[in-house]
Amino acid sequence: MPKMNVSIDEDVREDLLKLVPARKRSQVINEALRKELLRRKRETARKQIQQLRTRSAKLKSEEIVALVRRDRRR
């Protein structure tokens with residue numbers, strides 16, 4: 001597993017050392033980082049979807065139904 005040097009705040013370090021056993025710290029940090037990265041990915045995706053919504057044509061539900069029916073007949 002590759003290693004990486006990062007800086008963390010002193011209070012976070014103290015809590016990590018106090019609350020997490022020595023051989024579990026990397027696992028705890030990895031899990032926390034995974035959650036944060038997933039949150040950021042979802043936020044980026046949400047923003048992209050929101051941008052697409054503002055640029056896409058606005059259709060009424062009747063128009064959507066008509067288009068779906070037309071496509072089904074093909």
Side-chain angles (χ1 to χ4, degrees):
M1 178 180 306
K3 293 191 177 196
M4 191 176 194
N5 289 327
V6 296
S7 298
I8 60 174
D9 294 338
E10 184 63 31
D11 60 325
V12 175
R13 180 184 174 277
E14 288 174 12
D15 285 345
L16 181 67
L17 295 176
K18 197 182 319 176
L19 299 171
V20 181
R23 300 211 178 260
K24 297 289 184 179
R25 292 179 187 140
S26 290
Q27 179 184 357
V28 168
I29 292 169
N30 271 306
E31 288 175 12
L33 187 54
R34 270 192 195 92
K35 287 179 183 178
E36 176 61 16
L37 293 173
L38 179 59
R39 186 193 67 76
R40 289 177 182 232
K41 287 177 186 177
R42 287 178 175 166
E43 181 62 19
T44 298
R46 186 195 64 76
K47 287 178 182 177
Q48 290 172 343
I49 290 169
Q50 191 62 37
Q51 284 179 340
L52 289 173
R53 283 182 177 161
T54 60
R55 290 187 294 175
S56 62
K58 293 177 174 65
L59 299 174
K60 296 179 182 175
S61 58
E62 297 86 18
E63 294 171 305
I64 294 170
V65 170
L67 291 169
V68 169
R69 286 183 179 154
R70 187 192 72 195
D71 284 347
R72 287 182 179 166
R73 281 183 253 144
R74 287 187 189 177

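The cluster map of Ile, Leu, Val, Met, Phe, Trp and Tyr, joined by side-chain heavy atoms under 4.5 Å apart, puts Val68 and Val65 in different clusters. Connection of Val12 to Ile29 is not established within any shared hydrophobic cluster, with ILVMFWY side chains joined at heavy-atom distances below 4.5 Å, either directly or through further cluster members.
Within 6.0 Å of CZ on Arg69 lie no more than 12 heavy atoms contributed by other residues, nucleotides or ligands.
Side chain of Glu63 to backbone of Lys60: a donor-acceptor contact under 3.5 angstrom is found. Looking at Arg13, its side chain never comes within 3.5 Å of a backbone N or O of Ile8 through a donor-acceptor pair.
How far CG of Leu52 is from CD of Gln50: 9.5 Å, rounded to the nearest 0.5 Å. Interatomic distance, Asp9 CG to Leu16 CG, rounded to the nearest 0.5 Å: 12.5 Å. Rounding to the nearest 0.5 angstrom, the gap separating the CD atom in Gln48 from the CZ atom in Arg46 is 11.0 Å. Atom CG of residue Asp15 and atom CD of residue Glu10 lie 10.0 Å apart, to the nearest 0.5 angstrom.
Looking at Arg40 and Glu43, no side-chain N of the basic residue comes within less than 4.0 Å of a carboxylate O on the acidic one, giving no salt bridge. A salt bridge between Arg34 and Glu31 is absent, with no side-chain N of the basic residue lying under 4.0 Å from a carboxylate O of the acidic one.
Asp71 places a side-chain heavy atom less than 4.5 Å from the side chain of Arg74.
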